[in-house]
Asker: 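My questions will all concern the structure given below.
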Amino acid sequence: MFEFCTDPSTLDTFRWFSCYLTNGAHVLFYQSFLTVFALLAVTAPTALAFGFAAASASRSHILPVSWLGKLYTAMVRGVPDIVFFLFFILVLDQAIEYTRHVIACPDWTEDVRQGANFLVCPEARTPSGNAAQWVHEIYGFALAVFTYAIVFGAFCGNVLFGAMRAVPRAQLETAEAYGMARRQVFWRVLVPQMWIYALPGLSNIWMILIKATPLLFLLGIEDIVYWARELGGSRTSAYQYPHPDWRFWYFLGLLVFYLAFTRVSEIVLARLTARLSHGQATAAGEELRRAAA
Amino acid sequence: MICAEALQHYGLRSLGIGERLLPREDITLCEQVVLIGSGMIWNVYFGVLALAFGFVFAVALAVAKTQRARLVRKPAEWFIFVFRGSPLFIQFFMAYEAFVMLPRVGVEFTVLGVEIAAETRWFARAWLGALIVLFLNTSAYAAEIFYGALRSVPKGDLEAADAYGLSGWGKFRRITFPTTMRLAWPAYTNEAIFLFHATALVFFSSFPAFQQRGDALYYANYFADRTFNPFVPYPIVAIYFVLLTLVIIGVFGAINTRLNRHLPAERRQRLRIRPQVIR
C-alpha cells in the first residue's frame, strides 16, 4: 500500500501497523464486511416477502392454502434455527442437484444414494466441476441467502400475521361499508395500516438478523468471522508480518462492529416508528396529531 | 435388541462413558437417536445451570438499572447493552480466545469442605467456559425483561406498601419482587426456551469437543457428514428440542400458575409462548 512497506521488519510501531492493516489479506477482510451487508440487503426484503406471502396465505379462506401458511410459520417454533440453517443448506444443495440429475441424465441407472455418498451424474453437478472459483462462492452465498430468507421469512410471517389481526376491525368494516371488495379492503386498508403494528416485531427480527450474520461462517462462507480467525492466528517470522495470537483483538473488533451496527439500527428504527405513526389510530399517532395541531 | 446395545454403548457417550469410537459404517437409526440423545445431556446441563445462576444475577442487574446513582446504573446498562447488542456467536469466540490467553496456573479452593484444584485451563473447556458465556448472556437478556417488569409494577401496589409501613428490603421482598415476577414470567419463559436453543451453538463456536464429547447438534452434524443424509439426524435433533421445549413450557407454566394462585381463575394470565430466534 505505502512505499515504505517493502521491508516491515525495519519499521516503527505506527508505520508497521499502517502497513499491516492495509496488506492484501486485510483488504479481503474489509471486503468481507460487504458480504455481511450484502447478505442483509438481500435477505431482509426476501424474508419480508416470504413472511408477507405466509401471513396472507394464513388468512386465506381456502383451507389448504391457510394450512400451508400456518405450517410454514409454525415450522420454526420450538426448534433452534441453527438446526434449520445446517439442515436447509444441505437439503437445498441436494434438491438442486437431484432435480438437475433427473432432467439431465434420464438414463442414469445407478442409485443416487450409495451408502454414505450422494452421487449424481457429472452433468448435474452444481456448480459444474470445472467452474471458476467465484462461481462456487456465489453459489454458496446464494444458498446461504435463500436459507436465511426461509428461516427469517417464517419469523416475519408470524409477526405480520399478528399485525394483520391487530388492525382495528372497525377500520375494515368501514371499508366494507363503502362497498370495497375483499381484495380492495386488504390492499387499501389492511396493508397500509398493519405496518405500525408490525414494526416492533419486525425491528426485533432485524436485530436478530444482524446478530445471526456470523452464522454465515458455519455455512462455509468466507465472512468476517472466517477472516478474523484467519488473520488473528499467530504468525511466525516466516511471514512478512509476524505476530502472536491476536484473534481476541480481532473478535473484539467484530464485537464493537456489531454493537455499533445494533445501536445505529435502534436509532433508525425509532425514527421510522415515529414516521409510521403519522395518521394512525394508535396512542403514538394521536400524540403526533395533537403536537401538530 | 440392537437398540439396547446402542443404548449401552452410546447412552452416556457425550460424558465419555461407553464405546470410544463413534459409529462409522452401517449407522443405524438407533445409534443416531441414542447418540444425539446423549448429546442432549450437554444442552440440558448448559441450559439449566446458566438459567439458574443467570436468574439471580439478572434480578440484581435489573434492580441496579433502576437505581438513580449513575455509578450503579451505568455499569448495569452497559453490561446489558454489550451482551444483548452483540451476537452470542462472537461472544463465544471472544471468550474462548480470552480464556486461552489466561496464564495456565492452578488455583486451589475449598467448596463444602472438598478441596478442588481449579486450573485456569478449565475455562477453555466447554463445560465451564461456555457455561460462563451463556450465564452472562442470559443474565443480560433476563435483566432487560425484569427491568421492564420492575418499571410496570402498578403504582397503587407500591403506594399501598408505603401505607402499610413497608420500606426498603421488606417492601422489595413482599411487594415489588413478586409482582415483577408475575409480570415478567411469560417473557422469561420465552427467554428460557431461547436459551436452551442457544446451547446448540456451544460446540459450533470455538470450544472444541474434547474426545468427541459433544452436544446434540455436534453429533447430528457428525452423522449428516458421515451419511451425507441430513434427513435423519437433523429431524431427530428437532424432535428432541421440541420435547425439551414442551418440558420447559410445562415447568414454567406450573410456576406461572403458582405465581398467580391468588387471582380469580378468569383473571389469571395465560402463558403465551412465542419462542424467539438466535441471539
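Chain identifiers are assigned alphabetically (A, B, ...) following the order of the sequence lines, protein sequences preceding nucleic acid strands; residue numbering begins at 1 within each chain.
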Asker: Taking only residues at least two apart or on different chains, which pairs with a member in residues 130-146 of chain B satisfy salt bridge (Lys or Arg N to Asp or Glu O under 4.0 Å)?
Answerer: B:Lys65-B:Glu144
Asker: Tell me whether the count of non-hydrogen atoms from other residues, nucleotides or ligands lying under 6.0 Å of CZ in B:Arg73 goes above 12.
Answerer: yes
Asker: Return the minimal non-hydrogen interatomic distance between B:Gly85 and A:Thr262, and the atom names on each side.
Answerer: O-OG1, 2.8 Å
Asker: How long is the gap from OG1 on A:Thr213 to CD1 on B:Ile90, to the nearest 0.5 Å?
Answerer: 7.5 Å
Asker: If you count heavy-atom pairs under 4.5 Å with chain A, which of B:Thr199, B:Val237, B:Leu217, B:Asn221 comes out on top?
Answerer: B:Leu217
Asker: Using heavy-atom distances under 4.5 Å, tell me whether B:Pro235 contacts chain A through its side chain, its backbone, both, or neither.
Answerer: side chain
Asker: Between CD of B:Gln91 and CG of A:Leu255, what distance do you get to the nearest 0.5 Å?
Answerer: 7.0 Å
Asker: Describe, in one word, how the ring planes of B:Phe93 and A:Phe251 are oriented to each other, choosing from parallel (under 30°), tilted (30 to 60°) and perpendicular (over 60°).
Answerer: parallel
Asker: Sort B:Tyr96 into side chain, backbone, both or neither according to what part of it lies under 4.5 angstrom from a heavy atom of chain A.
Answerer: neither
Asker: What pair of heavy atoms forms the shortest contact from A:Phe87 to B:Pro230, and how long is it?
Answerer: CE1-O, 3.3 Å
Asker: Which distance, rounded to the nearest 0.5 Å, do you find between the CG of A:Leu215 and the CG of B:Leu88?
Answerer: 9.5 Å
Asker: Scan residues 246-265 of chain A for pairs that pass salt bridge (Lys or Arg N to Asp or Glu O under 4.0 Å), counting only residues two or more places apart or in two chains.
Answerer: A:Asp245-A:Arg247, A:Arg247-B:Glu97, A:Arg263-A:Glu266
Asker: Looking at A:Lys211 and B:Phe89, would you say the former's side chain and the latter's main chain have a donor-acceptor pair under 3.5 Å?
Answerer: no
Asker: Heavy-atom cut-off 4.5 Å, strictly under: side chain, backbone, both or neither for A:Tyr250 against chain B?
Answerer: neither
Asker: What pair of heavy atoms forms the shortest contact from A:Leu259 to B:Ser86, and how long is it?
Answerer: CD2-N, 4.0 Å
